[in-house]
Structure formats: structure tokens, C-alpha cells
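Just below is one structure, and these are the notes that go with it.
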Amino acid sequence: MVKTSPADGRPGTLTPPAGPRRPVSARPSKQSVAIWIRRHKLAPYLLLIPSLVLIGGLVIWPTIQIGVYSFQNVGLPQVVGAEPTQWVGFSNYSQILHDSEFWLSLRLSVYSAAVMIPVTLVLGTLVGLLLSKLGPKMRTFVSSVVTLAWATPPVTGAILFIWLADPGDGVIDWFLSKLPHWLGGGAHWSSFSWTNSAFPAYTLIIALVVWTSFPFIAISVLAGLRTIPAELHESARVDGAGPWRIFWRVTYPVLKPLFLVLLLLSIIWDFGVFTQVYLVIGGIGNRDEFNLGVYGYSRAFTQPPAYSIGSALAFILTIILLIITVGYVRASVRQGAIQ
Amino acid sequence: MGLRKSTAALVACGAAAALAIAGCSSSSSPSTGSTGSSSSSAPATLTVWRMGASVPAQVTWMNTVVSQFHQQFPQYKNTKVNVVWVPWGNRTTDWNTALTSGKNAPDITELGNTDTPTEASLGGLANISSFVNAWSAKSGLVPGMLANDTQNGSVYAVPWFGGVRGVWYRTDQFKKAGIASPPATWAELVTDAQKLMKAYPGTYGIDAITNDTNAFASFVWGAGGEIATQSGGQWTADLTSAADEAAIKYYVSLYKTYHLSPSKYIGQTELGVTGATSGGANADFALGKLDLYIDGPWATGNMPPNPVDKANWASFPIPSQNGPDPAPVFAGGSDLAVFKTTKNPQAAWDLISVMDNVSNSTSFATGQSFFFPPYTTATGTSYPASNQLMAGFAKAAVNSKIAPLNAKNWATADNGQYNIIPTMLKALMNGADFQSTVAKANQQLQQVLNTGSQS
């Protein structure tokens, strides 16, 4: 048999090298600092400081500010200094919760994410499985083509899709109008507008988001598959399992932590999607097609700007995502997927 | 390997990502040169924000103005004037960003005349009363236009030019379709659009776009209705009146009943999607795909570079319900204002006084832009009757209105936070129930006009 790595993942029997000890007299002060750090086990924390500073400055501090704004009445006059900033308690939150547009945009966010996430995951996994079956040349070719879609900037991708779905000269409408009637095609598709009501607009947006996000899943799944020892699949096949069974009994259990990560990332990305929606629905002129991100943007930045309402909305969005994330992680821990 | 640790890291990463997403920020800010560093009387640079897309003729005009500025005010002879073009759809976002960040702000900005009351009340514009009152040209300004820029006795902007909307058409198309004279009633407008679509298969008859209340107002007024009326400081929305409902029904029927307008115009402005400067109905008209196009003569600057039959472009006023007089038209136009954050209000005003003097505003308005200058002496005589493109607009301009489109909260109600009438028209064209949709819009409009907010 080939050499297998131990279950704990440690590389072989290597012990930490004793290392060439430096002469004690060389730099006593530096060494004593090092000893002090080692004795108090501070090294991990020291290593964390740079990223903590970065996250603190770029994420935590703005978050605190947004939190403060969400309980104030910050608008243009307050920022310019024409009127004083006042604390308003929960009135921003209650205003949002009483706005029918908020519920409409929340609904569109939830519905579209509920389609995008499973489609992205399933498609990504299938392509990942396909990639693992391909020979090296074909794999390189397919994975680089697929990565192109992922590497396309959101704005470029959105403009591309808008252009494909153009009601005048778009290839999608042209194709659908040429399709035979029994396939749902027909003349009524020519100059069909994909962007002027929520259902077709989100159909387009879902296609666009899936197109740009499945390659990441596919490449991740491929990377995960490569870590599964070939023997596992081999012995399952010898025992008479088909591909479906092998996937659910071998591949999926081994890769469960990976799938969890991918699912969580997809939820966060797809629920918070802004750029593509903003571009496809045509900016802030179409209020009946807003999702949460565009609704928040519109409340915060259109005339007259209501930065406090926008902040409160950002918090609501964060809380929703945290509930989903924490809830899912807890459930997974209980199931034993991760410890 | 400790999976527990990686889970914790994952949760932290998820939370961080969520926060990062939640903390979205304004994305559009124009790339301007920096305004002159603080200086006493002669700034290094004056930044002027113009609206729309740059047109060569207007660049030439501006260069002339700047050289006059340097001549008339020798103290500014080293001051550079930097013109930045802001798409109409981005203007409020860009003003707000400039005000809140204090960076890349203009010294002078052009504003739509309906923007001025809102921006002045939000604190975006400098009080220029003392400059304007001492200005020799002030007495010649059309009084109503200046009154629109005055709040509680303080002046925040000066009118620069006026303009009205009408219906663009092509004389050669009218001839081929057998239309002898432009339509004067709503019924004739439909019939003529149908004739045009028949004579030119594959074209759209007219653009019933939803996101241009400035044009839609003419249909309400043309039925004898009002959008909202004010008495005792309180606005009463009027959309549910019989006249307004007739106008709304007619406008929606252009798409729903008569199929004169394609579905893609639903949710668009006259220039396409919000923030675009071309690619919408304007491009379709210029390329011969749309027969009748509603917009002002300034749309010339927004037409694509390869138009069809430009020589045959002409205009007629938006018809009223029963004719024979055209519908009242929204008195549009632009103002010039000194931006609140400027460090050089005196220099900024001095440049405005050159841009907006009688001869320069007249040459700007009539030169290539097809506007009307803001001076009583110049308004009537700007265009020869032989100018067929201007003929219809000149006729329409005789009967113009502005309220409530200049109300302090109109910008909030119409294209800011609420977009009430466009959303209503869009819902109706997409098949929503008429009575409840109009009633809801009416209630919303009244509340926003009076309070500036919906809740």
C-alpha cells in the first residue's frame, strides 16, 4: 500500500527540530523577550495584532458608528452642521418596520437568495465533480474557462447580461422568439423587457449571480475532492455502490465541513447582493424591484439623504445574516458535522 | 487539526463579511479636480458642475465666457475654471457626497429649477442675496424665475435658462403617413401615432415612459387637472380628481390599450434607465425606431452621433385632451448657484455674473442648446419662426406652469426617496388595480409634499 498520512494530519514523525541554538551571550535582551513571550504564550496574540488593527479600523469602528447613527437623526443638515444631531431611540427602526417597501424588498431578497443559493451550490458541486473526472489537460481548460466567469467584475457581468437581455436587439429575446411554440417560444418574446418588473428582472439577476458564483464552488469542491484518498472511492465501488451512493456515503460526509463553509459564504454573498441588482433594475428609479441592499442605498443616499435610516437598515441586514449564520452553525455542531 | 478553532474562525469571518456588506457606501462621485486651496480673493481653480453630457459647442461657449471673466476681473487672470459634467440622474447623490465629505465639491453648480428649493432648504447652497441685489442685470430677470430661487427673502440661485417639453417628430414621416398637421387632441395623438406605426412597420408610435413626471404633468394639466394644490401652506394632492384620472388612464392606455409604446419604456426616463444619458427613447427616436418622442429641445445634446434624417426633425406642443390649445407645459430650466462649501463665494459669484449676463445667457440659450434666456427682454424673440424644430416648443412655452413641481418637498416625492407618480404609472402599466393604486399614490403624495416623509 501507499503511504498514508496519519489521521491527525501531522506530517509523519517529524518532531520540531532542536535547531542550532544561538550562543546565549549574543543578544541577551532580545532572547529574554522571546522567552517571556513564549512563557506567557503570547505569540499567537502578537501575530493577530496586525489583522486586529486592520479589522478594527475598517470594520469594527465603522460598525460602531453605524450603530450610533441608527439611533440618531443624521441627515444632510446634521452632517453639514445646519441642525443639531439628536438621539431618537428606536424611531428609525420602527419607521423601517412600518414601511411596506421594506417588506417588499425583504421578500425579494429572501426569495431570490432562496433560489440562488441552492442552484449555485448544486451547479458548482456538479461542475466540481465533473472537473475531478477530467484528464489533466481538459481539467485545466475547463477550470480556467469557468474561472473567467468568476473573475468577471460584477459591473462587467451585469452590463453583459443587460446587453444580452436588451429588449430591442438582445440575443435572448431573439432566441426565444425563434423557438417553436410548443417550447414556449413565439413572437410575444420579441422586445420583451426583462427589467421592468420584479419577476423577469430577478430571473435575470439570479442567472447572473449564479453564473458568477458557481465557479468558486466548483473549484473549492474540486480542491476538496483531491484530498479524499482514492482508496475510499475505490473500495466503495468494489462494494458495489453507484455514483449517487458514493457521493452521499463517501464524498459528502468527508467534505461536509467544506460544504458548510460554502453554504455560509453563499448565504452572505447572495443575500447581500447589491451591484448586480442595482444595475439590472436600472438604478433607484424602480422602487417595486428593490432588494434590501438597493432599498437601503436609496433610503440613505437619495434626496433628502437619511443616513440614520440607512444605518438602521444595515444593522437589520446584519442581524438577519447573523441569525442565519449562528443558527446554522449551531445546528451543524449538534449534528456532529463539526466539533 | 482542531476543527473547533476553524469553526470559530469561520463564524468570525462570516460576521465580518456580513458587516462589510452591511456597511455599503456611496459609489458615485465625479472625478473632479480639487477646488482651489484656501486663498483670499483669487482662487487657483473654480470648479463648475454642469448637468448632462458634454457637448463641443458648449465647451466653446464656456471657453469664451472664461476669457471674458479673465478680462472683466483681472484679479482672477490666473484662476483656472474646471468644468465637470454630472449626469442628471446622479446630481443629488453627487451634491450630497460633496457636501458631506467636503471634498471634490464644486464652487458653482447648475441645478434643475425644481431642485433649487430642495437644495436650498437642505443647506447645500450659499445665500447670495447681497450679490444678486447688487447685480446690474437683476432687474431684467423674469420675476417668476427669480422668485423660484428665493426662500424666506433670501436668494439661493439665479435663473440661467428656461425650456419646455414638446413632442418631437419627423416631417418626412408625417408626409408618408398622410398626416397634414400635428395632432391637437389626445384622440388625434393616438390616431396619428397609429398611422405612423402603420407607415413604418416595426417602429414604436410614441414613448409612454413612466419616469418623467415633468412631461407627464402636461397630460394632467391638459385635462384641466392639477397634480396638487396649495392653500394656507397645506398641499392637497389631486390625483383622484376626474380630470387627473382621465389623464392617468389615457397615458397608461398608450401602452396598455393602444400598444403604441413598448414595454421596455416602463420604468425608464426619456433617456433610458435612471442615470443614463442615452440609450432610451431618445436613441430610438434618433435611430428611426420611435416615431414620436416627448422631451425638450435640449435632447439634441443627448442624441446618438449617427441619427437618421436629422434635417426633418420638428416639434409640436403636447396636445390637450380636447384641443385646440396645447396643454400647459412644465416651465423647466436650469439655475446657477454658489455651492455652500466653496471657499471663494465672491469669485464664484463673479463667474456666474459673466455666465449669466444678458448676452452670454442669450448666446448660450439660443446658440445651440434651444433654450430660452431668463431675461424678459430676450424671451419672446429668441427663435425665428422658420426654425421647425423650435416652432413647437415656442408655441408650447406660451402657456407654462410650475407648481407643485417647485415645492420644497417635490424632489423627495418625485425622484428622491419616493418616486410616487412614476411608481404609480409603472404599477398601472404592469396591470395593478386602478382605483387603489391611484388612491395610494394620492395619499402618499399629499403626505410627502406636506411633511417631506411618508411616515
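Atom set for the values below is all heavy atoms of this structure, side chains included, hydrogens, waters and symmetry mates excluded. Here is how names work: the chains are called A, B, and so on, in the same order as the sequence lines, proteins then strands, and each is numbered from 1.
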TODO: Please state whether the side chain, the backbone, both or neither of B:N96 comes within less than 4.5 Å of a heavy atom of chain A.
DONE: both
- [ ] First locate atom CG of B:L125, then atom OG1 of B:T341, and finally report the distance between them rounded to the nearest 0.5 Å.
- [x] 10.5 Å
Task: Approximate separation, where rounding is to 0.5 Å, of B:S261 OG and B:I266 CD1 - done: 7.5 Å
Open item on the list: Less than 4.5 Å to any heavy atom of chain A: does that hold for the side chain of B:T412, its backbone, both, or neither?
Closed with: both
TODO: Report the option among A:L58, A:L76, A:V79, A:I284 that has the most heavy-atom pairs separated by less than 4.5 Å from atoms of chain B.
DONE: A:L76
- [ ] Mind ranking A:L313, A:I316, A:N286 by heavy-atom pairs under 4.5 Å with chain B and telling me who comes out on top?
- [x] A:N286
Open item on the list: Taking the ring centre of each residue, are A:F192 and A:W174 less than 6.0 Å apart?
Closed with: no
Open item on the list: Tell me which of these, B:D284, B:N211, B:T100, B:D115, has more heavy-atom pairs under 4.5 Å with chain A than the rest.
Closed with: B:T100
Open item on the list: Please identify, among A:A306, A:S311, A:S197, A:P305, the residue contributing the most non-hydrogen atom pairs under 4.5 Å to chain B.
Closed with: A:P305
TODO: Measure the OH-CG distance between B:Y204 and B:L290 for me, rounded to the nearest 0.5 Å.
DONE: 8.5 Å
Open item on the list: Heavy-atom cut-off 4.5 Å, strictly under: side chain, backbone, both or neither for B:T423 against chain A?
Closed with: side chain
Open item on the list: Is it true that B:T93 and B:N90 share a donor-acceptor pair across their side chains at a distance under 3.5 Å?
Closed with: no
Open item on the list: Can you tell me which portion of A:Y307 sits under 4.5 Å from chain B's heavy atoms? Options are side chain, backbone, both or neither.
Closed with: side chain
TODO: Mind checking the OH-CG spacing from B:Y418 to B:N409? Nearest 0.5 Å is all I need.
DONE: 10.0 Å
Task: Rounded distance [0.5 Å steps], CG in B:L271 versus CG in B:D295 - done: 6.0 Å
Open item on the list: Report which part of A:P304 has an atom under 4.5 Å of a heavy atom belonging to chain B: side chain, backbone, both, or neither.
Closed with: both
Task: Interface moiety of B:Q268 toward chain A, non-hydrogen atoms closer than 4.5 Å - done: neither
